Amino acid sequence: MAATGHADTNVGHGELIAALDRALTTHGRAVLTGPAGSGKTELARAVADAAHGRGETVLRLTPEAADRSIPEASAAALLASVPAHVLDRLAGPQRTAIALLRREADTPRAGRDHVALRLALVEVLRILADPGPVLLVLDNAQWLDAESTDLFRFALRLTPPRVRVLAAECVQGGAPVAEPLCGPGTPAIRVPPLGADEVAELLMRHGLPARLAGRIRQASGGNPRLALALGHSLAEAAGHRDGAAHHADPLPVSGPAREVARRLLAEVPDGTRRTLLLAALAARPTTALLRRAGRPDAEAELARAEGAALVTVGEDGAVTFTAGALPTALAADAGWPERAAGHAALAGAVDDPVQAVRHRALAVDAPDAPLAAEITAAADACRRRGRRDLAAELGLLAAERTPAGRPQEQLARLVEAAEDAGWAGRADLARRATRAVLARDASPAQRVRARLAVIDAAGQALADLDETFAHAVADAAEDPSLRAAVQLRIAWKHNLSDGDPVRSRDAAAGAGTLAKAGGDQVAEAMALTVRARMGRILADPDAEEILAEALALPVPDVPLGMRNAPQYLAVRHALFDDRLADARARLLTLLPAVQRTGSAEDVFEVLRSLTEVELRRGRCAAGSAHARRALELTIEAGLSPGPAWYVAATAEAAGGSFARAAGYARRGIQASEEEHDQVFLSRALYALGTVQLATGEAAKAVATLRRVAALEEAQQVVDPSILRWHGELAEALVAADAPGEALDLLDSVTPVARALGRTGVLAALDRARALALAARGGAQEAVALLEDTSARFAALGLPLEHGRTLLALARVERRRRRRAPARAALGAAAEVFGRAGAGPWRDLARDTAPESAAPHPGLAALTEAEARLALLVGGGASNQEAAAKLFLSVKTVEARLTRIYQKLDVRSRAQLATALRGH
C-alpha cells in the first residue's frame, strides 16, 4: 500500500473541515465524496492532523487501484499499522489469525479462521479506544477489496462510540462503498468545486499566474488537481516559447493535465465515451442532437456520465461538461478517423447552417474550393451575428481548405481571420493566422493588418509586443493610413503599459495627422479621442474641445473598438463629472449595440462603466449584477482579468462584502502587475485601500494608497476626478494619526479640483479636511463642515458618499461625547446605506452605534490611531508586537505611547491597563 505524493490543494475548504468535524462529533461517522483530484485526500489529512493534535489515536488507510483485486489486502495493511503492544493483548486465536493474514502467500484463505480475524479487528479497535478517541481514516475507499470491506463493516458495527470513521471515496460509475460500510444515515459531504477566487489562491501558492484563474477555473471545473496541472502545463508551454503565457492562449491539455483528465474519464464505459466524444465535438450539444447523430441511448449514457460528475444535463437536454478540459482531452485522445466520423454525423444532425458547414469542413482534410467558399460565407454570417470568435475559426478553416493554386484567396481569408480574432480577443487564433500570413508572399498592408490583429487581441498585455510594433511600423512605412493605425496602437500602449500620458498624447497627435492624410476618418476620430482622454488626465484646458471635434467626425455610431471611440469617452467624462443620469442613458444605448459587434472588450468596458455609474447612484444591486456579467464575460472570452477583478472589488465593497472586495482587489493587483497594466494596477490598489480604510486598517490603507499616489504621479495624472484617491488617502492619514500630512495633501489638491470645477471631488476632500480638523482639536468647525458636505453629496445624487459623510459626522460627534447627535447621524447613515443596498456600509453604521461601543472616558481624549495602540498595549502587547500589528516602526509606537500616557495621566503599562479595564 504505497504512499503517494500530494500537492497542496486544500484551498477554500475551511467550512468543509468544520462540517466534517461536526459530523464526526455528532454521528461518529462521515463520508466524503467527490471526483478524483477534488481535494478529498487533503481534507481527510487535515481532519486527521487536527485529531492527532488533540491527542487522539489516528489510523490511516489509503488503498490503491491494484489493491481492489487482492483479497483482504486493505485489512492486512490496516492491521500492519497497529502497534505490537496492542496485538500482544489479543487472545491466541486472534493473534494467530492476524499472523496468518500477514503471511497470506503461505496460507490459503480457505485455511484461515475468519471468525477469529473479525473478532481480532474488533478487539484491536476496542483496545486502541480504551485510553481515548480513535479516528479511522479510510481514503480511496472505492479501492477497498470486497473481503476487507465486509470485515470492516462487521467490526465497525461492534466498536465503541469512541471509534470514529471518516471514509473518503471517488464514485465514478461504480457502486458506492463508503456509505454502506459506515451504515445508513451516515452524513455524506461532497467536495464542491473551487471558485475562481479559490483557484487564483491555489495558483498563487504554487507560483503560477493568477491572471489565468478565471480560465483555469472554467477549464478545470474547479477541480484542484486539474487546475494545478493546467497551470503547470501552461507555464511549461510558455517557457518553451521563451515568453509569458498570454491571457487568451488556449490552455494546453497535455502532460499532467491530460493525465488528470484521462483519470476523470477512465471509469466510463466505451459507449458512454463515444457519446461524450460527439458532445465534445458539437458546439451546443443536446441529447436530441446526439440521438440524431447516431447515439440512440444518449440519455442513459449521459446519465452515467452525469453520475460520474463529467457532465450536467439541463431540463432542456443541453449537455455541459463540468470541466472545459474534458472535451479537449476526449477530442485529443480520439484518432482522426473517429473525429472525422463524429463531425460527419453532426453535420447531418445540427439545425444551424453555420455549424453544419463547420462540421463538414472538419470532417475532411483536403483542399476543396466550393467548401472553402461555403465556409467563408458562414464566417460572414457569424460576423453579422457578432460571433467574431467563431468567424475567426471559420476563416482559418476556409484558408486551410483553399486550394494551393489560389494564394490570394487564401491570404485574404487568413488576414480576415486574424482581424476577427483580434476583435474577439482570441490571441491564439490571431497569432496562428498571422504566422500563416507572414509565411506567405503577403503585401505590406496584409502583414500590417495581421500584426495589428495580434496587438488588438492582447488586451491590456501590450508590454511584451515591442517587436510586433517594430515590424508593423516597418511594414507600414509607405502608407499613411496603415501608419496611422500603428501609431494609434502605440498611443494606447504608452498609456496602458508605460503609464505615460504625454507620450500617448503625442503619438495620438501623429496618428491623427497620418489618418487625415490617408482619408481615414475613423482612425482620425480615435486619435482625437486618445488626445482628449490624455488631455483630461493632464488637465489640459482644450480636452473637451478635442473630444467635441472627434464626436463631430462622420464615423459609425458603434465602431469596432468602441472603448477607444469618442462616444465612449463622452460617457466616461459624464461619469467623472458626476452626470450619472446622462452617463447611464448613453451606456444603455451602447450596450446592445456593442454586443452585436462581437467585441468582448467593448462589451466589458460598457459593463464596467455601468457598474461604476450604478454604484455611484446608490443602486448597488444593479451595479453588482453588471459586475458579475463583466466577470463572467472576462472568463468566458479569456480577457485580461485585472480590470474585471477591480470591477468586482468595487461592487463587493459597495453592496457585498468587504472581505470579498479585498480578495478581488488583491487578485486585480497581481494580475495587473503580471501584465504591466499601470492603469488598472492603480485602480485595484485604490479599491483595496478604500476597503482597508473602511475596515479600520489605517496603517495598511496608508501604505496601499501611497502606492496609488506614486503610480498616479509617475503617470502624470493631474485631474483628481478620474481616480479619487486623494480624499481616501487623507482620511487614512488622519486615522493613522497624521492629520498634518493629510492637510498638506488636501491643500495641494484642492486648488486643482476647484480650478477644474470638480464638485464631487471637492466634497470628498472637504470630508477628509473635516476629519483632520477634528483630530487637531477643531471639532466644532469639523462638524459644521461635515454637515455642509453631507448636504452637498445628497444634492449631487451620491448616496454612498452621503452616507460615509454621516458616518464621519457621527465619529466626530462621539469624540465630543455628544451621544444624541452621534446616534442620529449613525441612524441616518444606516438608512441611506440601506436604501442604496450598501450592505457592508449599513452594517458598519450599525456596528459602530454609540450604545454598543461607548468609549472609555480616557479613550475619548485619544485619536483613533492612539486608541487602537492603547487597547493593544493595555491588552498585553509588547511594543514590537503592536508595531507589527499596526504596521508602524517601534520608534513611532514609543512616541505615540508617550502621548497616550500624557493624555490619560498614567505612567506605566499596568496603569494603562487599569484605565482601560472594562472597555
Side-chain angles (χ1 to χ4, degrees), residues 278 281-286 289 292-293 331 339-426 428-437 439-443 445-446 449-450 452-453 456-457 522 556 558-561 592-600 602-603 637:
L278 268 187
L281 298 177
R284 293 183 296 277
T286 64
L289 173 63
R292 292 197 301 271
R339 288 198 305 272
H343 282 299
L346 288 167
V350 295
D351 53 10
D352 181 355
V354 169
Q355 288 298 328
V357 171
R358 172 178 167 270
H359 285 301
R360 283 171 47 214
L362 290 168
V364 299
D365 193 21
D368 184 329
L371 179 58
E374 283 189 70
I375 302 170
T376 300
D380 292 338
C382 289
R383 212 170 286 117
R384 290 192 297 273
R385 296 179 188 177
R387 288 296 312 276
R388 292 267 173 171
D389 53 342
L390 184 53
E393 292 180 31
L394 290 170
L396 281 165
L397 267 176
E400 290 171 4
R401 299 296 178 265
T402 303
R406 302 184 178 188
Q408 290 310 310
E409 281 183 34
Q410 194 176 58
L411 267 170
R413 287 164 177 164
L414 286 169
V415 171
E416 208 159 44
E419 291 180 328
D420 284 328
W423 289 119
R426 287 292 302 272
D428 56 318
L429 297 180
R431 285 200 304 269
R432 182 177 149 197
T434 299
R435 282 195 297 267
V437 169
R440 288 163 172 76
D441 188 18
S443 68
Q446 289 171 324
R449 288 170 60 193
L452 293 181
D456 291 338
V522 171
V558 186
L560 282 169
V594 295
Q595 286 172 329
R596 289 193 296 270
T597 68
S599 172
D602 284 351
V603 176

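We number each residue from 1, following the sequence as shown. Note that the structure is a prediction, hence the values are computed from the model and not measured.
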Task: Separation of D456 CG from S599 OG (nearest 0.5 Å) - done: 9.0 Å

TODO: Determine the minimum heavy-atom distance between L414 and V437, stating which atoms define it.
DONE: CB-CG2, 3.6 Å

TODO: Could you tell me which non-hydrogen atom of T402 sits nearest to which non-hydrogen atom of A372, and how far apart they are?
DONE: OG1-CB, 3.8 Å

Open item on the list: Using side-chain heavy atoms (C-beta onward) and a distance below 4.5 Å, is C382 in contact with V354?
Closed with: yes

Open item on the list: One thing to verify: whether D352 and R385 come together as a salt bridge, which I'm taking to mean a side-chain N less than 4.0 angstrom from a carboxylate O.
Closed with: yes

TODO: To the nearest 0.5 Å, tell me how far E400 CD sits from L362 CG.
DONE: 9.0 Å

Open item on the list: Between the side chains of R413 and E419, is the shortest nitrogen-to-carboxylate-oxygen separation below 4.0 Å, so that they form an ion pair?
Closed with: no

Task: Candidate pair L390 and R358, rule side-chain contact (heavy atoms from CB on, under 4.5 Å), full reasoning - done: CA-CA 10 Å; L390 184 53; R358 172 178 167 270; 4.2 Å; yes

- [ ] Run the numbers on D420 and L394 for side-chain contact (heavy atoms from CB on, under 4.5 Å), then give the verdict.
- [x] CA-CA 10 Å; D420 284 328; L394 290 170; over 6 Å; no

- [ ] Look up atom OG1 in T434 and atom CG in L452, then write down how far apart they are to the nearest 0.5 Å.
- [x] 9.5 Å

Task: Reported CH2-to-OG1 distance for the pair W423 and T597, which is rounded to 0.5 angstrom - done: 8.5 Å

Task: Heavy-atom closest contact (L289 atom, T286 atom, distance) - done: N-OG1, 3.0 Å

Open item on the list: Between Q446 and R449, do the side chains contain a donor N or O and an acceptor N or O under 3.5 Å apart?
Closed with: no

Would you give me the side-chain donor-acceptor pairs under 3.5 Å for residues 339-348, sequence neighbours excluded?
residue : atom : partner : partner atom : Å
R339    : NH1  : A331    : O            : 3.1
R339    : NH1  : A334    : O            : 2.6
H343    : ND1  : H359    : ND1          : 3.0

- [ ] Search all heavy atoms of A361 against all heavy atoms of R401 and return the closest pair with its distance.
- [x] O-NH2, 2.8 Å

Open item on the list: How long is the straight-line distance from CG of D368 back to CZ of R360, given to the nearest 0.5 Å?
Closed with: 8.5 Å

TODO: Side-chain contact test, heavy atoms from C-beta onward, threshold under 4.5 Å: evaluate it for R384 versus R596 and give yes or no.
DONE: no

Open item on the list: Can you tell whether the side chains of R426 and E393 come within less than 4.0 Å, N to carboxylate O?
Closed with: yes

Task: Residue pair A430 / A421: nearest heavy atoms and the distance that separates them - done: N-CB, 3.4 Å

